[in-house]
Participant: 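Mind having a look at this structure? Questions to follow.
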Amino acid sequence: MPGTAQAAWLQANSRHFTIMSDGSEARLHEFAEKLEKFDGLLRRVTGVDDPEAGSPVHVYLLSNDAKVKALARNPNIGGFYTTWDRFAYAVLARGAKTSDYDVGAEDILFHEYTHHFMLHHFPAAYPAWYVEGFAEFFSAVKFPKDGSIQFGRIPMARAPTLVQDSPYPLKDLFARDTDGLGLRDGDRYYGTAWLLTHYFQYKADRRAEISHYLKDLAAGVPDMKLDGYFAGGVEGLEKDLKAYMRRPLSASRLDPSAVTVGAIAIGPVDPAQGALIEDELRLMNHPRTEDLPDIVRAIRATAAKFPSSAYALALLAEAEWEAEEKAAALADADRAIALDPGLSRAYSARARALLERAQDDDKEEDWKAALKAIVKANRADTEDPVPLALFYRYHAMKGGLMPDIGYDGLAKAFLLLPQSPEYRMTYVQALAFRGDYAKASQLLDPLAYSPHPSGTRDAALSLKKRFDAEAARKKSPSTAP
């Protein structure tokens, strides 16, 4: 509407999250507190006491569902979580869901953050139903005004299909992933995964069985016979599960004193950054090639309104590099550095362009300039995984012996963001190159046994098979005379 001022963006920084919103400061603080409580709940229940959590998860609260759906290129979702090369992030719309029987944006965020937490602290070869059931178990959570946390509740959005159609057959639940599930079957699958996880959480006499099963699965025990893990076999487990469903189900409450939220700092977002947030999200969210020219044009137009913003120019350089406008990317990265010599992103953008040029012309001055930019990027922000990964890439592209510091940098990039499939794949291949096939194979487990089909999962399974064979060959005694 002409003459209507755009709301200013605010940023909340807490221990584990960075949250951006153009809503009210009070609502933002309340939301940040809720996320920190949820992280505390996961730590308390799982026994994780390591305060370090890698790079903070970024959460973007957009003004309406339509923006989220357009950004996701999917009309059927209200929020999503993914990774970028600097951090993991989630996007959702502000506002509460209209019914307990809907899957709201916060439900999606809690579900996906549970995956994020599980991958960071418990990376292993879990079955698809347990990965999804564990996330469903924690996503049905409430935060009463007394400061407590209620969890283990029934996810009401799954309940109607679960009750009307009966639980998903356990022999099928144990055997499959989420590939090809329709809406109704999907609700049964996720609902039964939740029910089985809930059952094992609250039935102490069955808990040892599932622990044994998961431990053997993660260890790669061959020829596992499901019936041998559960009293009465899978058929007996299914009978007991159906009886369990018909009873009043337990839930849990965590006292307010059990979780420490910590400091939450809220401040205004720089006007240039605020004006660019939604286009930056388009660039971050794995854009299609045909969409890149429009993204570049949009960022360029906004950057022109903020000629003194190094942030805008660095973002423009990143967009131009993705759109194959390499000369423009280098020029705008240099303009950003001239405005702010301490901006890590600008040096990384310069390094990417110079690395590609050095690979093409193999001129020593370009290799040196690329390395210098990478070092400056790292010094400007030692917790940014991008310069660390670029340092490894520099040595891999230039050839010759990879220095130990190159491997160390890649390892740190992976530890900062283990949720990134790209960093994980690069790191495991580096481990394999150094002969550590067993560790490389183990770190592939979360990708290889992801509940969601993808080309990355297929590649991880193939690599894992090869690494396991190499590890076995190294372990067996030599038969040479």
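The chain is numbered in sequence order, starting from 1.
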Participant: Hey, is K465 close enough to D468 for a salt bridge, meaning N to O under 4.0 Å?
Facilitator: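 Answer for the salt bridge query: no.
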
Participant: Under the salt bridge (Lys or Arg N to Asp or Glu O under 4.0 Å) definition, can you give me all pairs with a residue in residues 213-222, not counting sequence neighbours?
Facilitator: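 Residue pairs with at least one partner in residues 213-222: there are none.
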
Participant: Please name the pair of heavy atoms, one in P287 and one in R73, separated by the smallest distance, quoted to 0.1 Å.
Facilitator: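 Taking P287 first and R73 second, the nearest heavy atoms are CA-NH1, 4.1 Å.
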
Participant: Once salt bridge (Lys or Arg N to Asp or Glu O under 4.0 Å) is applied, what residue pairs with a partner in residues 74-84 remain, sequence neighbours excluded?
Facilitator: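 Listed by first then second residue: nothing to list.
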
Participant: Mind checking side-chain contact (heavy atoms from CB on, under 4.5 Å) for N74 and listing every partner two or more places apart, or none if nothing turns up?
Facilitator: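 N74 satisfies side-chain contact (heavy atoms from CB on, under 4.5 Å) with A72, N76, I77 once adjacent residues are dropped.
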
Participant: Is the F110 ring parallel, tilted or perpendicular to the F143 ring (thresholds 30°, 60°)?
Facilitator: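 F110 and F143: tilted rings.
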
Participant: I'd like to know if D49 and R43 make a salt bridge, using a cut-off of under 4.0 Å between side-chain N and carboxylate O.
Facilitator: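 Result for this pair is no, no salt bridge flagged.
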
Participant: Report yes if the distance between the aromatic ring centroids of F17 and H58 is under 6.0 Å, otherwise no.
Facilitator: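 No, they do not, as the ring centres are separated by 6.0 Å or more.
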
Participant: Can you list everything that forms a ring pair (Phe, Tyr, Trp, His ring centres under 6.0 Å) with Y126? Sequence neighbours excluded, please.
Facilitator: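 Scan of Y126 (ring pair (Phe, Tyr, Trp, His ring centres under 6.0 Å), adjacent residues dropped) gives Y130.
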
Participant: So, for H115 and Y81, is the gap between ring centers shorter than 6.0 Å?
Facilitator: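 That pair fails the under 6.0 Å test.
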
Participant: So do the side chains of D85 and Y423 get within less than 4.5 Å of each other, counting heavy atoms only?
Facilitator: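 They are in contact (side-chain heavy atoms under 4.5 Å apart), so the answer is yes.
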
Participant: Would you check if the side chain of H198 reaches a backbone N or O of G152 as a donor-acceptor pair within less than 3.5 Å?
Facilitator: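 Here the side-chain-to-backbone pair exists.
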
Participant: Check ring pair (Phe, Tyr, Trp, His ring centres under 6.0 Å) between Y427 and all other residues, then give those that pass, not counting sequence neighbours.
Facilitator: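 Ring pair (Phe, Tyr, Trp, His ring centres under 6.0 Å) list for Y427, sorted by chain: F414.
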
Participant: Hey, does the side chain of Q11 reach the backbone of V269 with a donor-acceptor pair shorter than 3.5 angstrom?
Facilitator: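 Such a contact is absent between Q11 side chain and V269 backbone.
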
Participant: Just jot down the ring pair (Phe, Tyr, Trp, His ring centres under 6.0 Å) partners of F433, sequence neighbours excluded, or say none.
Facilitator: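 Ring pair (Phe, Tyr, Trp, His ring centres under 6.0 Å) check on F433 returns nothing, list empty.
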
Participant: Would you mind listing every salt bridge (Lys or Arg N to Asp or Glu O under 4.0 Å) that reaches into residues 404-418, with sequence neighbours excluded?
Facilitator: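 Listed once each, the pairs are E383-K412, D404-R434.
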
Participant: Quickly, which of E318, E280, E422 forms a salt bridge (Lys or Arg N to Asp or Glu O under 4.0 Å) with R86? Name it, please.
Facilitator: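 So, applying the salt bridge (Lys or Arg N to Asp or Glu O under 4.0 Å) to R86 and each of E318, E280, E422, only E318 qualifies.
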
Participant: Short question: side chain of E33, backbone of V261 - any donor-acceptor pair under 3.5 Å?
Facilitator: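 Here the side-chain-to-backbone pair does not exist.
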
Participant: Show every salt bridge (Lys or Arg N to Asp or Glu O under 4.0 Å) that has at least one partner inside residues 237-252, sequence neighbours left out.
Facilitator: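 Qualifying pairs, neighbours excluded: R206-D240.
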
Participant: Any Lys/Arg nitrogen of R253 or D255 sitting under 4.0 Å from an Asp/Glu carboxylate oxygen of the other?
Facilitator: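 D255 and R253: salt-bridged.
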
Participant: Let me know which of S450, S462, P451 forms a side chain to side chain contact (heavy atoms under 4.5 Å, CB included) with R457.
Facilitator: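 The passing option is S450.
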
Participant: According to side-chain contact (heavy atoms from CB on, under 4.5 Å), who are the partners of P144, at least two apart in sequence or on a separate chain?
Facilitator: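 P144 satisfies side-chain contact (heavy atoms from CB on, under 4.5 Å) with D146, S148, Q150 only.
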
Participant: Return yes when atom NZ of K37 has more than 12 non-hydrogen atoms of other residues, nucleotides or ligands closer than 6.0 Å, and no otherwise.
Facilitator: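 Counting neighbours around NZ of K37, more than 12 heavy atoms of other residues, nucleotides or ligands fall under 6.0 Å, so yes.
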
Participant: Using a strict 4.0 Å threshold on nitrogen-to-oxygen distance, state whether E36 and R15 make a salt bridge.
Facilitator: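 Here E36 does not pair with R15 in a salt bridge, since their nearest N and O are not under 4.0 Å apart.
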
Participant: Any salt bridge between D445 and K464, counting N to O under 4.0 Å?
Facilitator: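 Between K464 and D445 there is a salt bridge, with a charged N closer than 4.0 Å to a carboxylate O.
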
Participant: Quick one: side-chain contact (heavy atoms from CB on, under 4.5 Å) partners of L217, sequence neighbours excluded?
Facilitator: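 Per chain and number, L217 pairs via side-chain contact (heavy atoms from CB on, under 4.5 Å) with P127, Y213, M224.
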
Participant: Considering residues at least two apart in sequence or located in another chain, which fulfil the ring pair (Phe, Tyr, Trp, His ring centres under 6.0 Å) criterion with W84?
Facilitator: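 Listed in chain order: F87.
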
Participant: Using the test side-chain contact (heavy atoms from CB on, under 4.5 Å), find all partners of T46 that sit at least two apart in sequence or belong to another chain.
Facilitator: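 With sequence neighbours excluded, T46 shows a side-chain contact (heavy atoms from CB on, under 4.5 Å) to V48, F117, F122, F134, given in chain and number order.
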
Participant: Should we say atom CZ of R207 is surrounded by more than 12 heavy atoms from elsewhere, each under 6.0 Å from it?
Facilitator: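 Yes, the 6.0 Å shell around CZ holds more than 12 heavy atoms from other groups.
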
Participant: Do you see a donor-acceptor pair shorter than 3.5 Å between the side chains of H452 and E132?
Facilitator: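 Judged by distance alone, the side chains do pair up.
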
